[in-house]
Amino acid sequence: MAAAYQEARRCAEALIALGRAGDGASAAELGFVGLLVGDGHDVRGFVDRVVGPVIDYDARRGTALAGTLAAYFGAGGSPSRAAEALHIHVNTVTQRLDRVGRLLGEGWLEPERALEIQLALRLHRLGHTSTGKTVGPDAI
């Protein structure tokens with residue numbers, strides 16, 4: 001019973017972070033998020049391994065690399081559309097993505113790795129931080 005309660009709590013937190021407060025869903029109904037918020041998965045470890053250097057850099061320097069990276073992927077990989085969404089100059093997006101590339105290493109834009117990065121960013125947004133603290137959906 002306790003394990004079921006914990007999984008239900010994590011599903012409810014995920015729904016709230018996804019902007020679906022008031023909805024109900026099981027882990028299976030949450031797609032990839034449900035697979036990772038279900039019992040026995042090291043979500044925090046995954047996020048730390050995949051985008052930890054970017055999140056840590058933001059925390060240390062007060063930058064917005066993770067948010068820029070999320071906007072870039074959300075804009076279909078277009079720096080100019082990401083700049084529009086963030087209300088900043090495209091050169092700023094380019095400079096931030098260059099920094100991201102240095103932090104994550106070569107190949108971060110290869111399809112499989114980019115998918116992992118997008119997943120880790122989404123999980124980070126859902127509130128799984130490297131410190132173990134849960135934060136709101138505006139974490140990035």
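Reckoned from all heavy atoms, side chains included, excluding hydrogens, waters and symmetry mates.
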Exercise answer: donor-acceptor pairs, residues 78-92 side-chain atoms, under 3.5 Å, sequence neighbours excluded:
residue : atom : partner : partner atom : Å
S78     : OG   : S80     : OG           : 3.2
S78     : OG   : R81     : N            : 3.1
R81     : NE   : A75     : O            : 3.2
R81     : NH2  : A75     : O            : 2.3
H89     : ND1  : N91     : N            : 2.9

Check [X] against [Y] and note the closest heavy-atom contact, atom names and distance.
X: C11; Y: A25; answer: CB-O, 3.6 Å
X: L121; Y: A70; answer: CD1-N, 3.9 Å
X: I117; Y: V50; answer: CA-CG1, 3.6 Å

Review point. Please walk me through it: do T94 and L97 pass side-chain contact (heavy atoms from CB on, under 4.5 Å)?
Key: CA-CA 5 Å; T94 302; L97 292 176; 5.9 Å; no
Revision key, fill the gap. Rounded to the nearest 0.5 angstrom, the CG-CG distance for L65 and D58 is 4.5 Å
Revision key, fill the gap. CZ (R122) and CG (L119) are apart, to the nearest 0.5 Å, by 8.5 Å
Exercise for review: Check whether any side-chain heavy atom of E13 lies under 4.5 Å from a side-chain heavy atom of R9, and answer yes or no.
Suggested key: yes
Practice item. Please tell me if the side chains of I55 and H124 come closer than 4.5 Å, counting only heavy atoms from C-beta onward. Key: yes
Return a table of donor-acceptor pairs under 3.5 angstrom between the side chains of residues 99-106 and protein atoms on other chains or two or more places apart.
residue : atom : partner : partner atom : Å
R99     : NE   : Y57     : OH           : 3.4

**Study point:** All side chain to side chain contact (heavy atoms under 4.5 Å, CB included) counterparts of L109, not counting sequence neighbours
**Key:** Y72, F73
